[in-house]
Amino acid sequence: MAENIERYLIEHCSPTLASVKAANLFNAVIEDDQELAEQVKQWNRLMNPKGVKLLVLRNHGRRALVYVYREKKLQEKLDESGVAGFLEKYGYTSTDAGYALNRLVERFSRQEEFPHEIGIFLDYPLGDVIGFIKNSGQNYKCAGCWKVYCNECETMKLFHKYRKCRNIYRSLWQNGRSVVQLTVAGASA
């Protein structure tokens with residue numbers, strides 16, 4: 001599973017590793033819960049000094065949804081205008097990153113409906129998250145890493161930046177660079 005997590009990090013989380021995005025996530029195939037817990041613990045030991053954290057949002061059967069984030073960048077996103085009011089509709093009483101992540105995990109554990117507010121936690125623009133929810137994922141202007149409802153041109157540039165980052169990281173990793181070496185050091189707060 002260790003090699004798989006490295007591949008998942010490169011394929012799905014390069015923008016976060018490069019510190020150009022607050023967070024990404026990936027769906028991991030797992031053999032058992034204990035191995036997953038050990039792997040997440042090990043990767044946190046390696047990545048936390050660089051400001052990157054891993055958190056299991058949901059573990060269901062042989063699949064786990066793993067959230068990879070930079071807490072400082074996430075806090076900046078949660079502090080943006082309009083985010084607190086938006087999250088309040090989903091039972092978030094604070095935009096403190098630690099509290100908000102615990103609430104998100106709680107929402108996943110209930111399995112009532114998919115918590116689409118996760119877009120905020122993935123550094124998507126608030127307008128796009130609201131647009132997705134209001135339109136039930138339909139009527140978008142374009143799609144890439146997410147469905148776009150606002151600022152199409154600006155977002156397309158961002159998608160290009162994320163793709164370029166992933167391609168560079170993939171190439172460097174395939175040529176022997178480790179995930180830890182590729183992770184940009186940032187504030188660990």
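The basis for the numbers below is simple: all heavy atoms, side chains too, and nothing from hydrogens, waters or symmetry mates. We're numbering straight along the sequence, starting at 1.
- Counting heavy atoms from C-beta on, the side chains of L57 and L104 come closer than 4.5 Å.
- The closest side-chain donor-acceptor pair between S14 and Y162, if any, does not fall under 3.5 angstrom.
- Atom CH2 of residue W146 and atom OH of residue Y140 lie 15.0 Å apart, to the nearest 0.5 angstrom.
- A pairwise comparison of heavy atoms in A185 and R70 identifies C-NH1, 4.4 Å as the closest pair.
- At least one cation-pi condition fails for R58 and F108: the charged atom is not both under 6.0 angstrom from the six-membered ring centre and inside a 45 degree cone around its axis.
- With rounding to the nearest 0.5 angstrom, the CG atom of L17 is 8.0 Å from the CG atom of N24.
- Contacts of D79 classified as side chain to side chain donor-acceptor pair (under 3.5 Å), with partners at least two apart in sequence or in another chain: Q75.
- At a threshold of 4.5 Å between non-hydrogen side-chain atoms, the residues L122 and L25 count as touching.
- Remark: side-chain polar atoms of K77 are not paired, donor with acceptor, to backbone N or O of A22 under 3.5 angstrom.
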CA sep, side-chain torsions, deciding dist, call: Y90, Y92, ring-ring contact (aromatic ring centres under 6.0 Å, His included) = CA-CA 6 Å; Y90 298 94; Y92 293 78; 7.4 Å; no
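- Between Y8 and H12, the ring planes are tilted. Angles from 30° to 60° get that label.
- E11 pairs by the side chain to side chain donor-acceptor pair (under 3.5 Å) definition with R170, not counting sequence neighbours.
- Here E117 pairs with R107 in a salt bridge; the nearest charged N to carboxylate O distance falls below 4.0 Å.
- The pair E38-K41 does not count as a salt bridge, with every side-chain nitrogen at least 4.0 angstrom from each carboxylate oxygen.
- With salt bridges taken as basic N to acidic carboxylate O contacts below 4.0 Å, none links K73 and E76.
- By the neighbour-count criterion of 12 heavy atoms within 6.0 Å, atom CD of E88 is sparsely surrounded, having that number or fewer from other residues, nucleotides or ligands.
- Listed by first and then second residue, the salt bridge (charged side-chain N to carboxylate O under 4.0 Å, His left out) pairs involving residues 143-167 amount to none (not counting sequence neighbours).
- Between the side chain of N44 and the backbone N or O of L54 there is at least one donor-acceptor pair closer than 3.5 Å.
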